[in-house]
Peer 1: 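Just passing along the structure, written as C-alpha cells.
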2 protein chains.
Amino acid sequence: MSSTPSHRLNINNINPHVKAAKYAVRGELAVKSEEYRAYLQGGLTDLPFEQVISANIGNPQQLDQKPLTFFRQVLSLLENPALLNHEDVLLSQLGYKSDVIDRAKWLLKQVGSVGAYSASNGVPAIRKRIAEFLERRDGFPANHADIYLSAGASSGVNTLLHVICQDDKSGILVPIPQYPLYTASLALLNATCVPYLLDEAKNWGTDVDIIKESYEKAKAEGVDVRAIVIINPGNPTGASLTEEDIRAVIDFAQQERLVVLADEVYQTNVFVGEFHSFKKLLRQMQKEQPGKYDGVELASLHSVSKGMVGECGHRGGYFELVNFDAEVQAEIYKFVSIMLCAPVIGQCLVELMVNPPKAGEPSHELYQKEYDGIFNGLKERATALHKAFEQMEGVECGSPQGSMYLFPTINLPAKAAEAAKQEGRSPDEFYCMRLLEATGVCVVPGSGFGQKDGSLHFRTTFLAPGTEWVGSIIKFHQEFMDKYR
Amino acid sequence: MSSTPSHRLNINNINPHVKAAKYAVRGELAVKSEEYRAYLQGGLTDLPFEQVISANIGNPQQLDQKPLTFFRQVLSLLENPALLNHEDVLLSQLGYKSDVIDRAKWLLKQVGSVGAYSASNGVPAIRKRIAEFLERRDGFPANHADIYLSAGASSGVNTLLHVICQDDKSGILVPIPQYPLYTASLALLNATCVPYLLDEAKNWGTDVDIIKESYEKAKAEGVDVRAIVIINPGNPTGASLTEEDIRAVIDFAQQERLVVLADEVYQTNVFVGEFHSFKKLLRQMQKEQPGKYDGVELASLHSVSKGMVGECGHRGGYFELVNFDAEVQAEIYKFVSIMLCAPVIGQCLVELMVNPPKAGEPSHELYQKEYDGIFNGLKERATALHKAFEQMEGVECGSPQGSMYLFPTINLPAKAAEAAKQEGRSPDEFYCMRLLEATGVCVVPGSGFGQKDGSLHFRTTFLAPGTEWVGSIIKFHQEFMDKYR
C-alpha cells in the first residue's frame, strides 16, 4: 500500500483542496492517542501511564457523562415500538413513566418508522417543535419552514458554506482561534478564509475594530467578503459573548451586508452570565430601529452533541435561517436532498432536547436532577482544572465561562522552541506531543485552531472525571519547564 | 422572502455548482406529492384519489416493510442500556431472546455509548465484523483498515468523489440511466460526468464497446477520465449484472487504469441469478492471471437502507477500498474526520446486517421468517407490477431482476409530446405529473436519471402494498393514451 506511481490515484493527483484541508482535532496526536489506547487494552504495561485521557475532543459520553434517562427511554421505544404493547411492564417493572410512553407514541405518529427517510429538511412536526422552542427562548416568532434538520451542526455548516461561497474570491470572516471545521470546509470549497482575531485580554471577546481591519484588508485584496462566523459560547476559547459584543457584530454585519453565521451549539454550556442568541438580539434591534436591520441575513446552528445532552454519536442538529431569500432557500433544500435526510433518530433527539419534560410531568424530577448534576459537574471540573493552570509556571488562563473547553496560553522556554524546530513541529505541537507521551493526556495544540503570532496555547476539555489526570499535567509541565529552561 | 437585490445572497450570486446540481428523486413531483399528502391529512376530499403512493423513492419502511425484529430489539437495548438490568423481564415478558441481549452487550462494550463519537472511520470492532462478512461473501481476505463506515452509501460516494476529482478536467464514467446522486455530486464538485449508456435490449447490462466509445470521446476532448461507476444491481434499472459483464468492466478498468466505484447497495435484492461482487471477481481474475490486475483500484459501497433491512432513516453504510494508495487513504481518513463520524447507531445496524442471527441461535428462526417474507413480498409485487405494465399500450418493461425498481419504456403519442412542450416539460415529466394529479401515485420521470435520446421512461418502486394503486396506473394510462392519441 505504499505510494507508488503504479496507483492511478496518488497523493499528487487527488483533489488538492482535500489535501489542503487541516483538521487537528482528529489529527496526528489523536491518532497516536488511539494507538496508545489499543496498546494498553492489549494488556501491555510499559507505558508511563495506565490510561489515555481524550481531552482533545468534546465527546462527553466517551468519558463520564451519562445520557439523560428520559431521552434514552423514548429512543428505546422508537427503535422497538413493539415494547409499546407492554405498557404495564414498562411502567411497573422497567422504570418508564407515562410521559415517556406518550412522547414515543407522538414521535412515532409523526415519523412513521425511524427506519424511513424523512423529508429532506427534516420531519415537519419536529421542525414545528423547534420553532416553538425558539419562540420561547427568544420571545420572537420562528417559522418551521426556515428550519433544517442536519446530521450534527457540522453538516449544517457544510451545507451553508457550500451554498454561500460562489468561487475562490468568496470570503468568510472566521474567528481566530476557531473550531477547525470552518477553515477545513473553506479549504475544501477553495473559498477564502478571512481570519479575525479574538481578544484574549477581553476574555476572548469579539472586537469590531479588529474585525473591521481584517474585513477591509481582505476587501482591498479583492476578496468578496460575504459572511461572518461567530462561535458563541466559544470553541476553543470557552468565551461567552456579552450582549454588547453581539450587538456590535450585528451592527457591523448590517453596515457591510454580511450574512451572520452563529454557531450556538454550546448555548446551554454557560457558567458566567447568560447566553444571548443572535436571533433574539437581531429581532430586538429591528424593534428598536424599525427598518434598519431588516436586511440582515442570519443562520444559527444548534446540536444535540453538546450541552447537557452530549449525544454526539447520534449526529443530530438543526439550523434556522432568518431573512434568507426564497430562491436561495430552495437551493439549500435541494442541496440537503442529495444526502436524503438527517438521521431520523437524531432528529427525534433534537425534538427531545428542545422539548424536555416540564415541571409537574412524571419524568421531570429525574430529568432536572440529571441535567443539573451534569451542569454542576462540568462547572466543578472546569474550576478545578482552571485552578491547576493557575499554579503552573508560565500558564495563563481566563476563568471558565462556558462551552466544554479551557484554552490556556503557555509561555515556553526558548530551548523548547528550538527542540520543537528540530523535530519539525511548532512549539505547542511539540509540547502537546510530549504531554501525551508522558501522561496519556491528549489535548490539541493552539496551532490547530489558529492563534495570534508569537502566542502558544492548547485546548483541553474539562469532561474527564477525577483529578489524577490534572495532577499528571501539573507534574509533566514542571518537568518540561525544568528540562528546557 | 422574495428574491430582491436587498438580499446579500440571491440566486445570482450563490455557488453556481449548487445551482447546477439536479436531484429529481426529491424534485418538483416529490414536493407536490407531499403537498397532496398534507392536503389529504387535512381531511379534504376533493382530490380524485384518497392517498398518495410514494413510489418515487426506495423508502421501504415509509410504506409497508416492517423492521427486522432482532435488529430493532438490539437497538432498543443500545439506546437504553438500563434495560439490561432486567434481563428476566426482557426474556420472559417482552419477547427478547438471549442472543439479542448478548449482542447488545457486545456492541456496548465496543462502542461505549451510542451517544459518543466513534473513531472517524467507524468503530474498529464493527469494521472487523464487516471484513469477516466480506471474507465469507467473497472467499477472499478483507482488511478492516480498508473499511470506512459512512452515513448511508450516499455519504460514502460523496467522500470518494471528493477525493478522486482533482479539477474540472477530472472525469468519471457514469451509467445512463443512473441514480442522480452521481451527476449531482459531480456537478457540486465541478468535475466532469462522462455518461455511458446501458443497453436496454440486453436487460440494461453494460456493454464495454459503448463504455469505450464514451471514454475515448471524453479523452479526445481533454477529459482526464479516472474512474467508472457501476451500480449493480441497477438503480433505476433493476438490472443484475452477469459475471461476464463484470469481468469485462474490470478488464477495461485495468487496460485504461480506471478506478472502479461499485455501488452494490442492492446486493441482496436479486430475483434472477445471483449477485457477483466486484471484489470477488477482481480477486478471481488476479488469481487466474497473476500480476495483471494487481493495479486495479476498487471501492465498493453497501448500506443498511436497502435489501431486506430497509433502514434508510438510520443512515448507515460503509465502503471498502481495495488496492488504494496509503497516502490517499490517509486523505480519505482526514476528509471523513471533518464531519467527525457516521451515526453510531447506524454503525451498529451495519454490524447487525453483516452478522445476523445464525442457524441454531435463538433469534434465527424469526429473523429468517421475516427476511424471507420481505424478499418474497418484494418479488411478488415486482411480478404483479410487471404484469400490469405488460398489459399497457406502448409500455415495455423487462422482467424484474433485482433492486427495488422497474424502469419501463413509455411510448407516448406525438400529441402528448406537444402538450408537454407547451407546458415547458419533457414528455416523461408531463406524463408523470398527470399521473400524480390523477392517481396520487408519485414516480420519477426517466429524464431524472438520464435516458437514450428519443426514449422515455419512468422509475417506480414496487414497495407499496396492495394492487389498487397498480390498477389506478393502468386506468390513468389508458385515459392518457386516449386523450392524446
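So you know, we letter chains A, B, ... as the sequences are listed, proteins then strands, and number each from 1.
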Peer 1: Hey, which of Glu297(A), Gln65(A), Glu311(A) has the most heavy atom pairs under 4.5 Å with chain B?
Peer 2: Glu297(A)

Peer 1: Please look at Ala227(A) and chain B and tell me whether the side chain, the backbone, both or neither of the residue comes under 4.5 angstrom of a heavy atom of that chain.
Peer 2: neither

Peer 1: At a heavy-atom separation under 4.5 Å, does Leu75(A) approach chain B through its side chain, its backbone, both, or neither?
Peer 2: both

Peer 1: Would you name the heavy atoms of Pro16(B) and Gln166(A) that are closest together and state the gap between them?
Peer 2: CD-O, 3.3 Å

Peer 1: Taking the side chain from Gln73(A) and the backbone from Asn80(B), do they hold a donor-acceptor pair closer than 3.5 Å?
Peer 2: no

Peer 1: Could you look at Ser170(B) and say if it's the side chain, the backbone, both or neither that has a heavy atom under 4.5 Å from chain A?
Peer 2: neither

Peer 1: Counting heavy-atom pairs closer than 4.5 Å to chain B, which one of Val89(A), Val304(A), Ile345(A) comes out on top?
Peer 2: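 The option with the most such pairs is Val89(A).
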
Peer 1: Less than 4.5 Å to any heavy atom of chain A: does that hold for the side chain of Phe71(B), its backbone, both, or neither?
Peer 2: neither

Peer 1: Report which part of Thr69(A) has an atom under 4.5 Å of a heavy atom belonging to chain B: side chain, backbone, both, or neither.
Peer 2: neither

Peer 1: Under 4.5 Å heavy-atom distance to chain A, tell me which part of Pro60(B) shows up: side chain, backbone, both or neither.
Peer 2: neither

Peer 1: Go through Asn13(B), Val344(B), Ile164(B) and name the one with the most non-hydrogen pairs under 4.5 angstrom from chain A.
Peer 2: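 Of the candidates given, the most pairs with chain A belong to Asn13(B).
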
Peer 1: Which answer fits Leu77(A), side chain, backbone, both or neither, if we ask what part of it has an atom under 4.5 Å from a heavy atom of chain B?
Peer 2: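 Contact with chain B: none, neither part.
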
Peer 1: Report which part of Tyr179(A) has an atom under 4.5 Å of a heavy atom belonging to chain B: side chain, backbone, both, or neither.
Peer 2: side chain

Peer 1: For the backbone of Gly112(B) and the side chain of Gln62(A), can you confirm whether one donor and one acceptor N or O come within less than 3.5 Å of each other?
Peer 2: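 Side chain of Gln62(A) to backbone of Gly112(B): no pair is present.
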
Peer 1: Just give me the residue among Asp224(B), Val31(B), Asp294(B), Val114(B) that pairs up with chain A most often, heavy atom to heavy atom, under 4.5 Å.
Peer 2: Val114(B)

Peer 1: Check whether Ser337(B) gets within reach of chain A through its side chain, its backbone, both or neither, counting any heavy atom under 4.5 Å.
Peer 2: both

Peer 1: Does Arg226(B) reach the main-chain N or O of Ile14(A) with its side chain, forming a donor-acceptor pair under 3.5 Å?
Peer 2: no

Peer 1: Would you mind reporting whether Leu340(A) and Leu181(B) have side-chain heavy atoms less than 4.5 Å apart?
Peer 2: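 Side chain of Leu181(B) against side chain of Leu340(A), heavy atoms only: no contact under 4.5 Å found.
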
Peer 1: Could you tell me whether a side-chain N or O of His17(B) sits under 3.5 Å from a main-chain N or O of Val163(A), the two making a donor and an acceptor?
Peer 2: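 No, the answer is negative, given that no donor and acceptor are paired below the 3.5 Å cut-off.
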
Peer 1: Closest heavy-atom contact between Arg315(A) and Met339(B)?
Peer 2: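 So the two residues come closest at NH2-O, 3.6 Å.
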
Peer 1: Measuring heavy-atom distances to chain B, does Leu188(A) have an atom under 4.5 Å in its side chain, in its backbone, in both, or in neither?
Peer 2: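 Only the side chain of Leu188(A) comes within 4.5 Å of chain B.
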
Peer 1: For His7(B) and Asn323(A), indicate whether the former's side chain and the latter's backbone hold a donor-acceptor pair under 3.5 Å.
Peer 2: yes

Peer 1: Can you name the nearest heavy-atom pair linking Gly58(A) to Tyr117(B), along with the distance?
Peer 2: O-CE1, 3.6 Å

Peer 1: For residues Ala116(A) and Cys312(B), report the shortest heavy-atom separation together with the two atoms involved.
Peer 2: C-CB, 4.5 Å

Peer 1: For Arg257(B), is there any backbone N or O sitting under 3.5 Å from a side-chain donor or acceptor partner on Arg8(A)?
Peer 2: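 Confirmed, Arg8(A) side chain pairs with Arg257(B) backbone.
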
Peer 1: Would you check if the side chain of Lys334(A) reaches a backbone N or O of Tyr23(B) as a donor-acceptor pair within less than 3.5 Å?
Peer 2: no

Peer 1: If you count heavy-atom pairs within less than 4.5 Å of chain A, which of Val18(B), Val74(B), Leu189(B), Asn59(B) leads?
Peer 2: Asn59(B)

Peer 1: Under 4.5 Å from any heavy atom of chain A, what part of Leu349(B) do you find: side chain, backbone, both or neither?
Peer 2: neither

Peer 1: Is Ala21(A) close to chain B through its backbone or its side chain, or both, or neither, when contacts mean heavy atoms under 4.5 Å?
Peer 2: both

Peer 1: Compare every heavy atom of Val328(A) with every heavy atom of Leu9(B), then report the nearest pair and how far apart it is.
Peer 2: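 Looking at all heavy atoms of both residues, the shortest contact is O-CG2, 3.5 Å.
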
Peer 1: Find the distance between CG (Asn158(A)) and CD1 (Ile338(B)) and round it off to the nearest 0.5 Å.
Peer 2: 9.0 Å

Peer 1: How close do Glu331(A) and Lys19(B) get, heavy atom to heavy atom, and via which atoms?
Peer 2: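 In this case the closest contact between Glu331(A) and Lys19(B) is OE1-CA, 3.3 Å.
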
Peer 1: Charged N to carboxylate O below 4.0 Å: is that the case for Glu79(B) and Arg72(A)?
Peer 2: yes

Peer 1: Can you measure from OG (Ser113(B)) to NZ (Lys66(A)) and round to the nearest 0.5 angstrom?
Peer 2: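 It comes to 9.0 Å.
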
Peer 1: Relative to chain B, which segment of Ser120(A) carries a heavy atom at a distance below 4.5 Å: side chain, backbone, both, or neither?
Peer 2: both

Peer 1: Quick one: what part of Asn143(A) sits under 4.5 Å from any heavy atom of chain B, side chain, backbone, both or neither?
Peer 2: neither

Peer 1: Around atom CD of Gln93(B), are there more than 12 heavy atoms from other residues, nucleotides or ligands closer than 6.0 Å?
Peer 2: yes

Peer 1: What part of Asp88(B) lies closer than 4.5 angstrom to a heavy atom of chain A: side chain, backbone, both or neither?
Peer 2: neither

Peer 1: Under a 3.5 Å distance rule, please check whether Asp325(A) uses its side chain to pair with a backbone N or O of Asn10(B) as donor and acceptor.
Peer 2: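 Answer holds: no.
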
Peer 1: Could you tell me which of Val259(A), Leu83(A), Asn85(A) has the largest number of non-hydrogen atom pairs under 4.5 Å with chain B?
Peer 2: Leu83(A)

Peer 1: Counting only heavy atoms closer than 4.5 Å, note whether Tyr333(A) contacts chain B via side chain, backbone, both or neither.
Peer 2: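 Tyr333(A) touches chain B through side-chain heavy atoms alone.
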
